[in-house]
Structures are given as C-alpha cells and as structure tokens.
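These notes concern the structure reproduced below.
Position 1 is the first residue of the sequence; numbering continues from there.
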Amino acid sequence: MCGIAGGVGLSEDARPDLWRVQAMSYSMIHRGPDGGGLWISRSGRAIFGHRRLAVIDLETGDQPMVDDAGDVAIVFNGEIYNYLELRDELARRGQVFRTRSDTEALLRLVELKGERAVDELRGMFAFAVWDDRRGSLLMARDRIGKKPLFYTVHGNCIYFASSLAALRAADLVGSSISSRSLDLYLSLGYIPAPHTIYPGIFKLPAASVATIDAHELNLRSYWDPADGEPYRGSYEQALDDLHAKIDEAVGLRLRSDVPLGIFLSGGIDSSLVAAMVSDRCRSARTFCVGFPNRAFDESEFSLAVASHLGTQHQNLRAEAQVVGTASKLTSQFGEPYADSSALAVDAIAQHARRWITVSLGGDGGDEGFAGYAWYANAARIDSLAKLMPKRMVRLGASMVRRSHKLRSNPRIGRIERGLGVLERSPAARFAALRSFVNDADAEILYDGELLERRLAGDNPAEQLIARHYERARGSALRKMRYADLRTYLADDLMPKVDVATMAHGLEARAPLLDQEVLAFGLSLPDQFLFDDRGGKRILRDLLARFVPRSMFERPKQGFSMPLQHWFAGELLERVQCVADSEALSATGLLKSDGIRRLISENAAGVRDHSQRLFAILQLESWLSQQ
C-alpha cells in the first residue's frame, strides 16, 4: 500500500516538471512511511514518484520498478492478492523474477498483455505503467474503487497522484470550484468520479483503464457487474457456494509479511470476516470503536463475538470531541467530504496501528447482500405508489406546493416530500431517497449559481443515481444495489476507508468486496437476500455456522456517528458559528438564513438535518484551508 505520483508528456517533445512530481511524492509520506523512490525515463518524457508502505516483500519490493531493459516502469498502489498464482503462470511462460513482490508480477503481466492485464487481477489497485520505447502510458484502477487515482493535464503533460492534496502541493490546482460538483457534494456527502471539487481535475473512475493516444487520454471501463447472469441453484447450494467464495477471499487477503488484525463492529459483515479469519489464525487481534450514546454503540456486541471467537479484542471509546479531527481529514481528502463515519475509522485506525499494519473489515456486505434499510423503505414506497392513483398524488402535491403557509408547517413539509417522491418513476424515487438535498431543500439553502441550476431543473445527484439504477437488469432490489455499488460504495465508502486508514500508514482489506463475492451477491434472487427478519438473509445464515444467532440478530446500526444528538447538544454552539462563516459567505452559493433554519429545526427535533449540517461544516473547514 503506497502513494504514487507521476508526470508524462502527451507529445514527444513534452517534458513533465521534476519538482512537481517530487512535491506530489513528498506530500504523501503518510501513505508510504517506509521509503520512497523516483524514476526518470531515458527520453525524459516520463517521471514517476513513489512512497512505500511495505506489506509484501519487505526487502526487494521497492518502486518505481523497472523492467530488465530499463524502458518500462511501474508505480503501483494496492495489493494483488492472486500474485502468487500469476507469478507461477508467468514463470511457466519463461518469465524470470528478481523479487518476491506483487509489483513485479503486475509489471510483467502488463508487459505481456497490455491493458488486458487488469482482467486477471484480483485485488485493490491503482497503477501507472510507462513504456519509453513505445511512448505509451497505461493507468488503471480496481473494479470497486478501493484505491484512488487523480489526474489533470497541465502544460501538455498529464500529472497523476494517489491524492488530490498531492496535485495541490504541486501547484496543479486552481482556486475556482465547480458549482456542479458542489451540488453533488451537498446532495450526496461526497463528489462522485470523474468529478472533483476543482474544474479540470479528475478522478479515474473505478474499473477503468486510461491510455494516451495521439496526445489524448482515452478511458475505458473493463468490468460491470450489471452484466452478470442470475444464479440458478438452490438456497442451500448458494449458501455453500458463498461460504467457499468468502473463505477463499479471506485466505487471499491474509497474505502479508506484516501483522494483521480485524475491525470488528459486532455486526453481521465484520463478524463473518472475523469468524473466517479466526478459523485460519487463532488469537487474531480485533478492534472496535464505541460511543457513549447506546443507540450508536455496538462495542458490547463486538466484545461478545470476539469472546466467542477467542480473539485479542480492544475497544476504543469515541466522544463528541472526535469531530475535531474532521478538519485534519478534510485536508487529506483534498476536497469537501461529509461521511462522518470516516471519523470513527480514523480513530480506530490510529489506535490499531500500534499493533498491526493491515486490517480486514466487513465493507461490501450491504451492497452485495442487501443490508441497507433504505432498500426496504424504497420497496414500501414503490408499493404505495402502485396503490395510489397518480392523479391523486399529483393533485395533492400541487396543492401543497401552491400554499406557502402549509409548506412552512414541518408536518406538511414531510407530506410534501413524500408526495413528491410518489410522483416519480422507480429510478427517480430511489435517487430521491439517496439524496440529502431535494429541490425544495435547495430553495431554502442554495443561492447564486447553485440555486439557478436547480431552478433550471438540473439535479446532478439524482440524475446520476437514476442513470445507474436504469442501467442494471433484474428486480428493483438488484437495481438499487447496483446503483449504490457504482456510486456510494465506489466514491464514498472506498475513499473513506483509504484516506482514514492511510492517514496512519494502515492498509485496509475487505474480503466481501472481492469481485467474485460481489458478483455472486448481485446474481442472487431477492428471496435469498430478504426474509421477515430483513436483508442479508444468506449472510446471516452463513454467520450462524460460526456464531450463535443471539449475538447478531438485531437491527442494523452501522459505523455511524450520533451527529443529530451532538449538533443539538454539546456541539450546537460550534455548528451555529457556521451560519456566519466568512468563507461560506464569500462563495455566494449558500444562504445564511437557510443554514440557521437547518440548525434550529435540528436542535428542536423537527427534522434531522445532521447530515446536511455536517456537510456544511466540512465545506466551511475545507474553504478555510484554501
């Protein structure tokens, strides 16, 4: 796990700036505290930089890594879990290896197969390969988006790095912000690829490869789980098949030359991973973060599971003061980011790093196996929409919208939002459920260009989610899971884990995000995922093979923070200051009165605005750092 950076000339006479690549690499020391390297091609057309967190082949795996002739070089961030199998296959084809690293296996595979090499990779990765003989660049990112890659074009050169902050350190980022990206951020809590908060700065999307050809960058998607075929076997057969797939995924992710541990919340996903790890390694280390507010605290459940599995367990307690670390995380994200659970991941990663260098977790279970509560909510709304005549719904919504007096009533406001959702298509309904700022909210909160876009009918967040929903085949449940996988998982959850763990030089691995496991989950029929107890039926039944049901059969909590409680109590004064922020006011894009309304309604318990307020708080923090 590392930080990578580089610059490549888009034409034969273009040369990247050495100091820019050095600045990017130096800014990412926290991602790679074990060493660094720099490589300049013979032509001078490519410069690569690398920061290393040594996990595999501690002695000979340094980067940038160059082929025997000195013409082809790679910088690679991540882990190729099936690298031993790839090495064996390449050795049978006559390849001779100088190291024991997965980096060399990847380099030689790319030399042999070019951009098709990604089809054979099982892991998490972002890498760049330059061939000085051909003048060709290949960049790629893993299927799920676990490892980040940002890029921009400047002075007829393309520059790339593992972090947005690295591009900023190299003076490649301007001062203007994209209002469209800001709308996406406020609506979703994150900015989805390929966008960033800055015009002209981009994220390489998950499951994408990029090449340069005729001075242009060409992008291609190489994997799409929407194309999978439905599972045809019985439930019992599916249970056995899933057991085998997750067990294999866990085994691959235990390959390491440094100590490993498990982030164990006590929920279904992390408990299943911990159980399968414990089957292979006794006395594994497990870590959990808890909160004083019992509604958000799963530490007692994680302790029960850890005791049953016999792990060495540690629990960290998080208080409201943990919000104070948000500004540090904001600087590492390089743009506004508002998933508050990143604070919990940051806290537990910092704590666990004293004992381990690699952590395993349960990310992916909700998207792959239908664990989110909003799937059931969406199904209920779809059923209601079918029962209510569309004419009646439109009439009711129209009456509420025309009456400003009615709309000022919080209860009527909830009715208006509900009727507005019922009016829509299934794809648009789900998109509305997954967005934090609908058009009515935008009228209260937005100003300037932000408001103008919304009044003109441009709602980029809902358009994005609806487009993914419609892309998938199958049931509504499968469409929702696919949309979440392509947006929320790839562009929120994966950056969260990467940034919060790499801030402390810790590598995070997720067996449930193995492509074979995820594709299998998306292939299953709805009845294998949902029953009268809720979602993740098949995961629950698999976990029951290891852990008594009494330890995990309870409502889902998740790795979330009690923000509504904090913003109405001990952090109320802090959030009130945001309404008068000079940094926010200078943008001309948000209304101070609108922010105050959100604060007062949240404090009075009229409506939970905690996510919107945290997004504004993080935006203000990011603006203040510019």
Side-chain angles (χ1 to χ4, degrees), residues 168 173-191 197-198 319-340 342-343 404 407-410 413 435-455 461 561-626:
R168 185 174 179 83
V173 175
S175 58
S176 62
I177 65 175
S178 163
S179 61
R180 186 177 180 83
S181 293
L182 184 57
D183 194 351
L184 285 164
Y185 163 71
L186 292 168
S187 298
L188 299 173
Y190 60 93
I191 300 172
I197 192 64
Y198 300 107
E319 307 286 345
Q321 289 75 17
V322 74
V323 174
T325 65
S327 61
K328 179 192 72 174
L329 278 176
T330 298
S331 66
Q332 289 164 352
F333 276 103
E335 64 182 354
Y337 177 81
D339 187 333
S340 63
L343 304 178
H404 291 281
R407 289 178 67 185
S408 63
N409 185 308
S435 176
F436 295 112
V437 180
N438 61 28
D439 291 343
D441 295 326
E443 288 189 48
I444 295 169
L445 187 60
Y446 288 2
D447 206 352
E449 187 180 349
L450 267 185
L451 182 58
E452 290 174 10
R453 283 181 174 273
R454 280 298 186 93
L455 293 177
M561 310 282 281
L563 288 181
Q564 184 182 22
H565 174 76
W566 288 347
F567 287 160
E570 49 204 301
L571 295 180
L572 176 59
E573 185 175 342
R574 178 171 180 177
V575 78
Q576 284 175 331
C577 295
V578 176
D580 299 314
S581 163
E582 292 183 7
L584 283 177
S585 178
T587 68
L589 297 174
L590 295 176
K591 298 174 182 174
S592 297
D593 288 345
I595 298 173
R596 292 189 186 92
R597 176 171 169 177
L598 265 58
I599 295 169
S600 62
E601 287 185 357
N602 187 79
V606 171
R607 187 180 173 193
D608 181 1
H609 289 297
S610 55
Q611 172 58 42
R612 300 171 190 84
L613 291 174
F614 186 67
I616 295 169
L617 189 69
Q618 288 293 85
L619 174 61
E620 196 272 342
S621 174
W622 176 80
L623 288 168
S624 299
Q625 295 174 21
Q626 301 311 294

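In this structure, the side chain to side chain contact (heavy atoms under 4.5 Å, CB included) partners of S181, at least two apart in sequence or on a different chain, are S178, I191, H195, I197. By the ring pair (Phe, Tyr, Trp, His ring centres under 6.0 Å) test, Y446 pairs with no residue at all, sequence neighbours left out. With sequence neighbours excluded, the residues that form a salt bridge (charged side-chain N to carboxylate O under 4.0 Å, His left out) with E335 are K203. Residues satisfying the salt bridge (charged side-chain N to carboxylate O under 4.0 Å, His left out) test with E449, not counting sequence neighbours, are R453. Legend: residues meeting salt bridge (charged side-chain N to carboxylate O under 4.0 Å, His left out) with R596, ordered by chain and number and at least two apart, are D580, D593. Checked against ring pair (Phe, Tyr, Trp, His ring centres under 6.0 Å), Y198 has the following partners two or more places apart in sequence or in another chain: W622.
Using a distance-only test at 3.5 Å, with no hydrogens or angles considered, a donor-acceptor pair links the side chain of R612 to the main chain of D608. Remark: side-chain polar atoms of S187 are not paired, donor with acceptor, to backbone N or O of L184 under 3.5 angstrom. Under a 3.5 Å cut-off, the side chain of S624 and the backbone N or O of E620 do form a donor-acceptor pair. Judged by distance alone, the side chain of E443 and the main-chain N or O of L455 form no donor-acceptor pair under 3.5 Å.
Atoms CG and CG, on L450 and L589 in that order, are 4.5 Å from each other to the nearest 0.5 Å. Here the CZ-CG distance, from R454 to L445, works out to 10.0 Å after rounding to the nearest 0.5 Å. In this structure, CD1 in I595 is found 12.5 Å from CD in Q576, a value given to the nearest 0.5 Å. The CZ atom of R607 sits 7.0 Å away from the CD atom of E601 when rounded to the nearest 0.5 Å. Rounded to the nearest 0.5 angstrom, W566 CH2 and F614 CZ are separated by 9.5 Å.
A603 and A568 make their closest contact through CA-CB, 3.8 Å (heavy atoms, listed as atom of the first residue, atom of the second, distance). Here the closest non-hydrogen pair linking L451 and A442 is CD1-O, 3.8 Å. Nearest heavy-atom pair across A338 and Q618 is CA-CG, 4.3 Å. Closest approach of Y337 and A342 over heavy atoms only: CE2-CB, 3.9 Å. The two residues A579 and I599 have their closest heavy-atom pair at CB-CD1, 4.4 Å. Of all non-hydrogen atoms in V437 and L186, the two that sit nearest each other are CG2-O, 3.4 Å.
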Steps toward side chain to side chain contact (heavy atoms under 4.5 Å, CB included) verdict (I177, Y185): CA-CA 12 Å; I177 65 175; Y185 163 71; over 6 Å; no
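When side chains are defined from C-beta on, R168 counts as touching Q626, because their heavy atoms get closer than 4.5 Å. For the pair L598/I616, a side-chain contact is recorded, criterion being any heavy-atom separation below 4.5 Å from C-beta on. Using a 4.5 Å heavy-atom cutoff, the side chains of N602 and V575 are not in contact. Under the 4.5 Å side-chain criterion, counting only non-hydrogen atoms from C-beta, V578 is not in contact with L619.
Using a cut-off of 4.0 Å between Lys/Arg side-chain N and Asp/Glu carboxylate O, K591 and D447 are scored as not salt-bridged.
A 6.0 Å sphere centred on CD of E573 holds no more than 12 heavy atoms belonging to other residues, nucleotides or ligands.
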